[in-house]
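Note that this is a predicted model, so its numbers are computed, not measured.
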Number of protein chains: 2
Amino acid sequence: MTTQSQGLHTHVLDTLGLEISSGQCPPGSVLRTDELAQRFDVSRTVIREVIRVLESMHLVESRRRVGVTVRPTETWNVYDPQVIRWRLAGADRPRQLRSLTVLRSAIEPVAAGLAARHATAEQCAELTERALGMVATSRGQQLEGYLEHDIAFHRIVLNASGNEMFARLGDVVAEVLAGRTHHQVMFEDPDPAAVTLHVRLAEAVREGDPEAAERITKEIAVGALHELDVLAP
Amino acid sequence: MTTQSQGLHTHVLDTLGLEISSGQCPPGSVLRTDELAQRFDVSRTVIREVIRVLESMHLVESRRRVGVTVRPTETWNVYDPQVIRWRLAGADRPRQLRSLTVLRSAIEPVAAGLAARHATAEQCAELTERALGMVATSRGQQLEGYLEHDIAFHRIVLNASGNEMFARLGDVVAEVLAGRTHHQVMFEDPDPAAVTLHVRLAEAVREGDPEAAERITKEIAVGALHELDVLAP
DNA sequence: GTGACGTAAACGTCGTACTTATTATTCCCG
DNA sequence: CGGGAATAATAAGTACGACGTTTACGTCAC
């Protein structure tokens, strides 16, 4: 899904990034550019560019005479959407999903409060529209449609907060929601209570009620965390 | 400050990243690899590796036949510590500092609450030590010493939260605090009230009182935001 | 055992040649 | 005169080979 064949660079980067973040190349292990070039059947040029990108994400460290060593997990750029995607696709998806959901539970209530203050009429309208879309797709195994509305909904709230750091978390939230829908066992329709809360949040934002918006979003977050507790060990 | 002459790559990356994030190369403007190679007097190889890194940060987009175009601000990886450093060094430091402080005000209270639950004895000890260090350096123009304790203090709280997303925000907070001390007009000693709150926070964490920890941290955040309002327009 | 020293292994940089995608232009046909 | 298809031009993508530079590691003398 993440792999497009739009260039050798992309393919190699994606493969290596996935291998590293999935723990297949544990921290401390070393890679050699020549070996990689041989393995992927590409020139060392391509490998070097990939390594540089991985290095900028602090996934690896390149040192002379020793090679490219995988760095310890604590140094990864875990906010890089690419890294998040790799990790969610890899082994410790549950742990990752939990960290990210806790992050959401801290950010989104505050963002919703700000959104209630700053949202434009246009944003309010689209928010309501998305909430209705969620209602419409909340029953009858329309998970993909629901997911799309859900992602759009949260993205609007984050954007409407007016804070760029919050806004840029839209991609992260999208990854989390997508990961939850696709990888988690999620046969059933979404929780009706959650759907209702989204509708109420849209109302609170439209009415410019920051306290309510914050409170409702906290409830949504609590629900998401609870869901994780139930579905994942 | 960020530039070490540890390789051409680093130097070129730092220079270009700074120029882009400072708005010197506004979104939409195009760079050519050949020109850059000539300008920095390095081979195209080096330039390409730099471009690839910049591309992974979503600062630029490279397309055939058209060149390397600077992408709009909304797409930048603003959580990348490198990008943060560039932006804090650049033109819109005030705006950036405000966004980041709002982010802190959302994250740190939650992190402090978690820290109160999960902190080890060792972490509590070091936290208290740092709080005392802040007290000791809070008067008499010892700003650098105070800053060091302040950074360490907040880093411990974030780490003790047990959430890796929070923990990785330690670097961001460090940048914010450093930026505030160094670039802001800050002749005076730190606010005594803030110092006291840090001491109380250390106590709350040590006593395992999440509610108090969260509340006190919120007060610290409010103070930081207020400080921004007073010092920057 | 300890220190200086040399060696080789890996990345770092360079230059060039060639390939490919994309845009701009030209030119022919309707 | 206009529009679409063939064509040219351009800049990035890839490959290869060579040399430079750092640095871990083994060796040798003391």
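- The phosphate of dA10(C) has OP1 or OP2 within less than 4.0 Å of a side-chain N or O from R32(A).
- Recorded end-axis angle for the helix from dG1(C)-dC30(D) to dG30(C)-dC1(D) stands at 10°, based on five pairs per end and rounded to 10 degrees.
- For DNA chain C, the residues of residues 37-51 of chain A within the heavy-atom distance limit of 4.0 Å (strictly under) are R44(A), R48(A), sorted by number.
- Between R168(B) and E74(A) there is no salt bridge, since no side-chain N of the basic residue sits under 4.0 Å from a carboxylate O of the acidic one.
- Between R155(B) and E148(B) there is no salt bridge, since no side-chain nitrogen of the basic residue lies less than 4.0 Å from a carboxylate oxygen of the acidic one.
- Rounded to an integer number of Å, the gap from CG of L54(A) to P of dC11(C) is 14 Å.
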Checklist entry - Given the rule in the side-chain hydrogen bond (donor to acceptor under 3.5 Å, both in side chains) test, do E144(B) and H182(B) qualify, once you have shown the distances and angles that lead to the verdict? => result CA-CA 9 Å; E144(B) 285 303 323; H182(B) 293 144; 2.9 Å; yes
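- Nearest nucleotide to the side chain of S62(B), out of dG13(D), dC14(C), dA24(D): dG13(D).
- D34(B) places its CG atom 14 Å from the C1' atom of dC14(C), with the value rounded to the nearest Å.
- An OP1 or OP2 oxygen of dA11(D) is reached within less than 4.0 angstrom by no side-chain nitrogen or oxygen of T33(B).
- Listed pair R65(A) / dG12(C) fails the phosphate criterion, with no side-chain N or O lying under 4.0 Å from OP1 or OP2.
- Judged by distance alone, the side chain of R93(B) and the main-chain N or O of L88(B) form a donor-acceptor pair under 3.5 Å.
- Put simply, R52(B) has a side-chain N or O that comes within less than 4.0 Å of OP1 or OP2 on dG13(D).
- Between V110(A) and A106(A), the shortest heavy-atom contact is CG2-O, 3.8 Å.
- Rounded to whole angstrom, the span from the CZ atom of R63(A) across to the P atom of dA9(C) amounts to 18 Å.
- For R130(A) and D150(A), the salt-bridge test fails: no basic side-chain N is under 4.0 Å from an acidic carboxylate O.
- Projected onto DNA chain D by closest heavy-atom contact, R64(A) and L31(B) fall at different nucleotides, the more 5' of which corresponds to L31(B).
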Next on the checklist: Let's go through H198(A) and H149(A) carefully: what are the C-alpha distance in whole Å and the side-chain angles of both, what is the deciding distance for ring pair (Phe, Tyr, Trp, His ring centres under 6.0 Å) to 0.1 Å, and is it a yes or a no?
Outcome noted: CA-CA 11 Å; H198(A) 281 77; H149(A) 289 299; over 10 Å; no
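- One interatomic measurement links the two molecules: CG of L8(B) to C1' of dT21(D), which rounds to 12 Å at whole-angstrom precision.
- Between E55(B) and R52(B) a salt bridge is recorded (basic side-chain N to carboxylate O distance below 4.0 Å).
- Under the salt bridge (charged side-chain N to carboxylate O under 4.0 Å, His left out) criterion, R87(A) pairs with D92(A), E164(B), not counting sequence neighbours.
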